[in-house]
Novice: 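One structure follows; several queries about it will come next.
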There are 2 protein chains.
Amino acid sequence: MDQNKIPQATAKRLPLYYRFLNNLNQQGKRRVSSKELSEAVKVDSATIRRDFSYFGALGKKGYGYNVEYLLGFFRSTLDQHEVTEVALIGAGNLGTAFLKYSFLKNNNIRITKAFDADSSKVGKDIDGVPIFHVSDLEEELENIRVVILTVPASEAEEIAEKLVNLGVNGILNFTPARITVPSHVRVHHIDLAVELQSLVYFLKHYPLEKE
Amino acid sequence: MDQNKIPQATAKRLPLYYRFLNNLNQQGKRRVSSKELSEAVKVDSATIRRDFSYFGALGKKGYGYNVEYLLGFFRSTLDQHEVTEVALIGAGNLGTAFLKYSFLKNNNIRITKAFDADSSKVGKDIDGVPIFHVSDLEEELENIRVVILTVPASEAEEIAEKLVNLGVNGILNFTPARITVPSHVRVHHIDLAVELQSLVYFLKHYPLEKE
DNA sequence: AAAAAGTCGTGATGTTTTTCACAAATTAAT
DNA sequence: ATTAATTTGTGAAAAACATCACGACTTTTT
Ligand SMILES: NC(=O)c1ccc[n+]([C@@H]2O[C@H](COP(=O)([O-])OP(=O)(O)OC[C@H]3O[C@@H](n4cnc5c(N)ncnc54)[C@H](O)[C@@H]3O)[C@@H](O)[C@H]2O)c1
Ligand SMILES: NC(=O)c1ccc[n+]([C@@H]2O[C@H](COP(=O)([O-])OP(=O)(O)OC[C@H]3O[C@@H](n4cnc5c(N)ncnc54)[C@H](O)[C@@H]3O)[C@@H](O)[C@H]2O)c1
């Protein structure tokens with residue numbers, strides 16, 4: 001659908017722009033330049049202008065961008081007018097933290113169901129999100145298309161396969177396992193240990209100049 | 001230090017390679033090809049060979065790579081022979097999940113101290129990590145150079161400034177705030193809401209072909 | 001011993017992403 | 001009105017990254 005020509009790097013920044021535009025709007029700001037936005041989101045101003053330009057001419061020369069207009073534009077581009085329902089598998093330490101966090105206000109995303117293999121957790125709820133047994137995935141998942149995966153790494157592959165069979169096509173994978181999925185399924189890996197370790201590596205091997 | 005010429009994209013993959021090599025080694029595997037590794041970590045085999053080649057000729061034509069040798073090489077490249085101590089600021093939902101997770105075995109990283117503003121948490125410990133009051137940062141932070149930041153977004157900027165003044169030069173920032181730091185400080189943002197939202201965006205706008 | 005199969009390292013090429021730099025347009029100041 | 005200051009949108013260039021494809025070498029098979 002839409003424009004298949006929006007670069008992936010651009011697409012990844014859209015939610016970021018959206019959030020800052022929301023902030024600006026709430027602060028009552030009417031206009032904003034790519035330079036200001038650049039300072040706020042730490043993305044080069046030329047990159048921001050380029051990003052926006054893929055969607056047409058959203059700004060005005062000499063003026064900048066109208067906050068309200070831009071916000072509205074991105075709201076619909078990001079489908080923020082409707083709630084996206086997602087499920088979470090693995091209500092452990094990390095999973096619980098996500099369940100307690102609301103993605104609704106800023107992202108219009110709601111975790112509506114959680115699943116776990118631990119029967120002592122099943123039947124309870126965390127911040128209003130009911131926890132089902134993972135064996136009930138088939139009956140309970142319904143038409144949810146996006147899943148947050150926070151199970152132990154050893155379970156990841158097996159669960160992922162089940163999810164795919166149930167029609168899931170997006171997985172946000174927090175396990176260290178690199179799961180194998182058919183090409184029509186999109187997996188984003190967030191590998192916290194790798195992030196931490198690579199930060200440490202950069203610090204030791206890429207000394208940054210002082211000022 | 002070392003080679004300033006290792007591409008950032010390569011550097012980010014090193015911890016991933018390291019983890020899989022560890023797995024292979026524990027499984028008793030003696031050799032591995034870039035093709036096998038590629039299937040495991042989902043990175044093109046040419047990319048893997050290119051990545052490795054920045055460090056010299058680590059493999060042998062017709063044979064592949066010796067697991068133990070490669071593992072040893074990356075262990076020292078990633079400074080895995082010594083424990084890296086990090087601190088965590090904000091022992092809330094997300095912070096607690098991190099405190100309960102051990103980065104020691106696979107990454108040789110240990111969270112040794114946590115800080116929070118909530119005095120009901122101060123003095124306790126989570127899985128052996130003591131929680132101090134954030135006002136004691138100066139006395140307690142000592143020579144810790146890397147910090148995981150899991151405070152509310154509104155606090156991020158102020159805390160970050162304090163951290164920088166205390167000599168921190170690496171921040172893993174989980175808050176949605178894009179913090180401003182001097183150029184000698186490295187910040188890696190992990191923006192969970194953005195990750196989730198961009199996954200949703202990709203699914204709606206980049207339909208993947210079925211097989 | 002020779003042939004076949006496997007695999008690395010890398011020059012060359014292709015792709016994606018970022019950045020520069022400036023004409024064109026608008027706004028603000030004098 | 002005129003001039004100065006802003007700021008966009010984008011062609012062009014640069015930088016970063018990924019992939020192809022093959023010679024060289026090793027291992028395995030026959
Ligand atoms: N917590 C962290 O800071 C952290 C850091 C890096 C990586 N991770 C990764 O994130 C994942 C989750 O970590 P965690 O700390 O929350 O672990 P955890 O053990 O606290 O939680 C895992 C949860 O999954 C449930 N579970 C186990 N098997 C299941 C199955 N087959 N189906 C459904 N649920 C099942 C368990 O009952 C548990 O509630 C792990 O893969 C871990 O490696 C976590
Ligand atoms: N939990 C999630 O799933 C999630 C998702 C996306 C983003 N985030 C971001 O991660 C951060 C942490 O989220 P959370 O859910 O753990 O929040 P939380 O409210 O549970 O935890 C924040 C902790 O920081 C402490 N704190 C407050 N002010 C402080 C200060 N000045 N110094 C030190 N500690 C202070 C609080 O006492 C609390 O313990 C937030 O910025 C949030 O936006 C969290």
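Because only heavy atoms are used, hydrogens play no part in the values below, and waters and symmetry mates are left out as well, while side chains stay in. Within every chain, numbering begins at 1; the chains are lettered A, B, ... in the order of the sequence lines, protein sequences first and strands thereafter.
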Novice: Can you identify which nucleotide, out of C:dT17, C:dA24, D:dC17, has its nearest atom closest to the A:K61 side chain?
Specialist: C:dA24
Novice: Within this structure, what is the CG-to-P distance between A:L37 and D:dG9, rounded to whole angstrom?
Specialist: 13 Å
Novice: Heavy atoms from C-beta onward define the side chain here; which of C:dT27, D:dC20, C:dT17 lies closest to that of A:A9?
Specialist: C:dT17
Novice: Does B:Y65 place a side-chain N or O at less than 4.0 Å from the phosphate oxygens OP1/OP2 of C:dG9?
Specialist: yes
Novice: Would you indicate what B:S45 reaches in the nucleic acid, counting non-hydrogen atoms under 4.0 angstrom: base, sugar-phosphate, or nothing?
Specialist: nothing
Novice: Where the side chain of A:S53 is defined as all heavy atoms beyond and including C-beta, which of C:dT27, D:dT27, D:dT10 is the nearest nucleotide?
Specialist: D:dT10
Novice: Whole-Å distance between C:dT18 P and A:R50 CZ?
Specialist: 11 Å
Novice: Between A:R13 and C:dT18, does any side-chain N or O lie under 4.0 Å from OP1 or OP2?
Specialist: yes
Novice: Step by step, would you call B:K29 with B:E36 a salt bridge (Lys or Arg N to Asp or Glu O under 4.0 Å)?
Specialist: CA-CA 12 Å; B:K29 275 210 105 195; B:E36 281 176 277; 2.4 Å; yes
Novice: If we count only N and O atoms by modelled type, under 3.5 Å, do the side chains of B:Y201 and A:D79 hold a donor and an acceptor together?
Specialist: no
Novice: Does C:dT27 have OP1 or OP2 sitting under 4.0 Å from an N or O in the side chain of A:K60?
Specialist: yes
Novice: Please state how far atom NZ in A:K5 lies from atom C1' in D:dT10, giving the value in whole angstrom units.
Specialist: 15 Å
Novice: If you check the A:A46 side chain, which of C:dA24, C:dC20, D:dT19 turns out closest?
Specialist: C:dC20
Novice: If only side-chain N and O atoms of A:S34 are considered, is one of them under 4.0 Å from the OP1 or OP2 phosphate oxygen of D:dT7?
Specialist: no
Novice: What is the nucleic acid contact for B:F52, judged by heavy atoms within less than 4.0 Å: base, sugar-phosphate only, or nothing?
Specialist: nothing
Novice: Would you call the rings of A:F132 and A:F115 parallel, tilted or perpendicular, taking 30° and 60° as the class edges?
Specialist: tilted
Novice: Does A:R49 have a side-chain nitrogen or oxygen under 4.0 Å from the phosphate oxygens OP1 or OP2 of D:dG11?
Specialist: no
Novice: Base, sugar-phosphate alone, or nothing: which one does A:T10 contact when heavy atoms must sit under 4.0 Å apart?
Specialist: nothing
Novice: Nearest whole Å is fine: how far is D:dC17 C1' from B:I6 CD1?
Specialist: 15 Å
Novice: Rounded to the nearest angstrom, tell me the gap between atom CG in A:N66 and atom C1' in C:dT26.
Specialist: 15 Å
Novice: If each of B:R31 and B:D51 is mapped to the nucleotide of DNA chain D with the nearest heavy atom, which maps nearer the 5' terminus, i.e. the 5' end?
Specialist: B:D51
Novice: Whole-Å distance between D:dA15 P and A:D44 CG?
Specialist: 14 Å
Novice: Would a line drawn from the ring center of B:F174 to the ring center of B:H189 be shorter than 6.0 Å?
Specialist: no
Novice: Rounded to whole Å, how long is the line connecting atom CD1 of B:I48 with atom P of D:dC17?
Specialist: 17 Å
Novice: Nearest whole Å is fine: how far is D:dA18 P from A:Q8 CD?
Specialist: 12 Å
Novice: Are the aromatic ring centres of A:Y101 and A:F103 under 6.0 angstrom apart?
Specialist: yes
Novice: Can B:F74 and B:Y18 be said to form a ring pair (Phe, Tyr, Trp, His ring centres under 6.0 Å), step by step?
Specialist: CA-CA 6 Å; B:F74 280 122; B:Y18 179 69; 7.6 Å; no
Novice: Measure from the side-chain heavy atoms of B:A57 and tell me the nearest of D:dG9, C:dA28, C:dG9.
Specialist: C:dG9
